[in-house]
Amino acid sequence: PNVVPNFAPGDDEIPNLDILFIPGGNGWMEEMKMEATVAWLEKAVKQAKLVLSVCNGVGFLCSIGVLNGKRATTNKIDLREL
């Protein structure tokens, strides 16, 4: 199976999302420095039915307050960043 996106951060519209997956990794940290990406994702997180993240992608969810009062886990190396 393949995942083929039909929209991306920076697009004007945010579609109705069933699942939003926030990736991790070094490249992701560079994306988080881009205002358009962060603004789009903040809106998308609010609209998605289910939001998932792996590795250091959870840092973004923390930074916008999505995980406040919730239990979450990540790579033990990334815990310092949270």
Side-chain angles (χ1 to χ4, degrees):
N2 294 318
V3 175
V4 181
N6 55 4
F7 53 88
D11 289 352
D12 291 333
E13 284 189 44
I14 297 173
N16 291 327
L17 301 171
D18 290 322
I19 300 171
L20 175 63
F21 177 73
I22 308 291
N26 294 333
W28 175 245
M29 300 310 289
E30 290 301 313
E31 280 292 318
M32 293 314 304
K33 295 177 184 174
M34 298 180 184
E35 287 182 32
T37 299
V38 173
W40 190 91
L41 284 170
E42 285 177 326
K43 293 176 189 172
V45 163
K46 292 175 186 172
Q47 293 182 3
K49 293 177 184 172
L50 180 65
V51 178
L52 307 168
S53 179
V54 296
C55 197
N56 59 3
V58 76
F60 168 72
L61 297 175
C62 284
S63 73
I64 64 169
V66 171
L67 298 179
N68 289 350
K70 296 184 173 127
R71 292 181 62 166
T73 188
T74 188
N75 183 311
K76 63 183 176 182
I77 295 170
D78 295 317
L79 286 174
R80 293 184 300 261
E81 303 293 322
L82 303 178

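Below, each value reflects all heavy atoms present in this structure, side chains not excepted, and no hydrogens, waters or symmetry copies.
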Only counting residues at least two apart or in another chain, list the ones meeting side-chain contact (heavy atoms from CB on, under 4.5 Å) with Val54.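 Scan of Val54 (side-chain contact (heavy atoms from CB on, under 4.5 Å), adjacent residues dropped) gives Phe21.
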Non-neighbouring partners of Glu42 that pass side-chain contact (heavy atoms from CB on, under 4.5 Å), sequence neighbours left out: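 Expected list: Val38, Phe60, Ile64.
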If you look at every heavy atom in Cys55 and Gly24, which pair is closest and at what distance?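 Here Cys55 and Gly24 meet closest at CB-CA, 4.2 Å.
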Where Val45 and Val51 come nearest, the two heavy atoms and their spacing: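 It is O-CG2, 3.9 Å.
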Lys49: salt bridge (charged side-chain N to carboxylate O under 4.0 Å, His left out) partners, not counting sequence neighbours: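 Salt bridge (charged side-chain N to carboxylate O under 4.0 Å, His left out) check on Lys49 returns Asp18.
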Distance (rounded to the nearest 0.5 Å) between Ile22 CD1 and Leu61 CG: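 Output value for this atom pair is 5.5 Å.
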